[in-house]
Amino acid sequence: MLDWLDRRETRDPPAFLARLQEAYRTGPITYLDAVVSNGRLRPQHILHSQRRNTQQIARSLHGKPAMEQLLRVFSTLEPVQLFSWDGTERGGDLLLGYPLPAVPGRHSCLLVETATTAEEIATWRRVYDRDFLSLGAIFNARIARSHRLDPSGMARKHPLTRRERETLAWIAAGKSYWETAVILGISERTIRHFMANARQKLDVVNNAQAVAEAAWRDLIPRLAERQTP
C-alpha cells in the first residue's frame with residue numbers, strides 16, 4: 001500500500017481508499033477533513049471508497065448522531081470504536097474512527113466500516129489499527145499538500161440564486177439530475193448548469209462537497225419552500 005501510495009500520490013484519492021478497503025477486506029472507507037466551530041461540522045473534503053455513495057455520506061454528516069460520533073473521534077488521539085452512521089448498533093456492523101494529524105484548526109479522520117463482530121473486533125484492531133493510522137496519516141498529508149487551504153472559508157463573492165439553492169436542496173435529498181429537472185419543471189441541462197454554477201460559487205469540486213458546504217452555510221432551503229410564492 002505504501003508503494004502504491006508513493007507512485008500514485010493523490011491523483012485519484014478515492015481509488016486509494018477503494019484499494020485500502022480491498023486490501024484489508026473492510027466495508028466502505030470514508031476520509032473526512034473538516035472544521036469544527038460552535039459544535040457544528042464544516043466538511044472541507046469528503047472522499048469515499050465507493051464514489052457513488054459520497055453524497056449520501058455528506059448528507060449523513062449533518063445529522064446529530066453522526067456529528068456526536070465524529071466529535072468523539074476528533075477529541076482523541078486514539079482510534080475510536082463507533083456504531084453505524086445513524087448512531088445505532090445494528091447487527092454486527094461497526095464503524096471505526098481513526099483520527100489523523102491535521103493542520104491547526106482542522107480535523108481529519110478515516111472512518112472504516114467493518115462487519116467484524118464485537119467479539120472479534122479487539123483482535124482485528126490489534127492487527128490493523130497501526131496500519132490504518134500510518135497509511136491514513138500519509139494519505140492525509142498528501143491531501144493537505146495538494147489542496148490550497150481556505151482559512152476564512154466563508155468569504156464568497158457571488159451568492160447562490162434561488163434556483164441554484166432549490167436545485168441543491170433536491171440533490172441533497174438524493175434526487176438525480178433528471179428527477180430534479182422533472183420536479184422543478186425545467187430541463188436536465190439547466191439543472192446541470194445550476195449545479196456547475198453552485199460548485200463554482202461554493203469553491204468545491206463535486207456535488208457532495210457542494211451539498212456539505214451549502215448545508216454548513218444554511219443555504220439549502222426546506223423543500224416546501226419551492227411552493228411558497
Side-chain angles (χ1 to χ4, degrees), residues 1 5 10 12-36 39-103 106-118 120-122 124-144 147 206-209 211-213 215-216:
M1 290 301 299
L5 187 57
T10 52
D12 190 1
F16 169 75
L17 296 178
R19 191 175 181 88
L20 192 63
Q21 175 183 337
E22 179 182 2
Y24 288 89
R25 298 181 180 179
T26 70
I29 299 176
T30 303
Y31 165 82
L32 175 65
D33 173 42
V35 173
V36 177
R40 297 183 63 196
L41 182 76
R42 182 189 179 202
Q44 302 293 301
H45 299 105
I46 303 171
L47 302 169
H48 198 260
S49 59
Q50 298 179 358
R51 300 170 195 260
R52 65 182 181 277
N53 293 334
T54 306
Q55 290 186 46
Q56 177 184 347
I57 294 297
R59 292 193 298 271
S60 70
L61 292 178
H62 293 279
K64 184 177 179 180
M67 172 69 74
E68 291 176 347
Q69 297 203 89
L70 287 170
L71 291 177
R72 285 182 58 198
V73 177
F74 293 152
S75 65
T76 182
L77 299 178
E78 300 290 335
V80 178
Q81 182 175 320
L82 308 169
F83 296 127
S84 58
W85 280 105
D86 60 8
T88 60
E89 188 172 6
R90 298 178 309 191
D93 292 343
L94 294 172
L95 186 65
L96 298 174
Y98 292 92
L100 306 175
V103 299
R106 300 282 279 271
H107 298 273
S108 301
C109 67
L110 285 181
L111 299 167
V112 181
E113 297 180 44
T114 174
T116 304
T117 65
E120 299 170 337
I121 193 64
W124 190 95
R125 290 186 56 190
R126 280 197 297 271
V127 176
Y128 296 122
D129 268 4
R130 183 176 298 179
D131 289 0
F132 278 96
L133 286 170
S134 59
L135 288 169
I138 296 171
F139 179 72
N140 189 43
R142 299 285 173 80
I143 293 292
H147 289 86
N206 58 45
N207 288 350
Q209 292 179 7
V211 168
E213 176 69 12
W216 165 264

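FYI, the numbering just counts along the sequence from 1.
With hydrogens and angles disregarded, a donor-acceptor distance shorter than 3.5 Å links the side chain of Ser134 to the backbone of Asp131.
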Go through Tyr31 and Phe16 one step at a time and tell me if the ring pair (Phe, Tyr, Trp, His ring centres under 6.0 Å) criterion holds. CA-CA 11 Å; Tyr31 165 82; Phe16 169 75; 9.7 Å; no

Thr114 and Tyr128: side-chain contact (heavy atoms from CB on, under 4.5 Å), yes or no, with the steps? CA-CA 12 Å; Thr114 174; Tyr128 296 122; over 6 Å; no

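Between atom CZ of residue Arg106 and atom CG of residue Asn140 there is a gap of 9.0 Å, rounded to the nearest 0.5 Å. Atoms CG and OG1, on Leu20 and Thr26 in that order, are 6.5 Å from each other to the nearest 0.5 Å. Atom CZ of residue Phe74 and atom CG of residue Leu100 lie 9.0 Å apart, to the nearest 0.5 angstrom. Rounded to the nearest 0.5 angstrom, Tyr98 OH and Ile29 CD1 are separated by 9.0 Å. Taken to the nearest 0.5 Å, the CG atom of Leu111 stands 5.5 Å off from the OG1 atom of Thr30. A distance of 5.5 Å separates CG in Leu70 from SG in Cys109, rounded to the nearest 0.5 Å.
Taking 4.5 Å as the limit, some side-chain heavy atom of Phe139 sits within range of a side-chain heavy atom of Leu17. Under the 4.5 Å side-chain criterion, counting only non-hydrogen atoms from C-beta, Val35 is not in contact with His107.
Evaluation of the side chain to side chain contact (heavy atoms under 4.5 Å, CB included) rule for Arg125 yields Pro79, Gln81, Leu96, Ile121, Asp129 as partners, not counting sequence neighbours.
Contact detail for Pro28 and Gln21: the closest heavy-atom pair is CA-OE1, 3.4 Å. Summarising the geometry of Val73 relative to Leu82, their closest heavy-atom pair is CG2-CD1, 3.8 Å, with the distance given to 0.1 Å.
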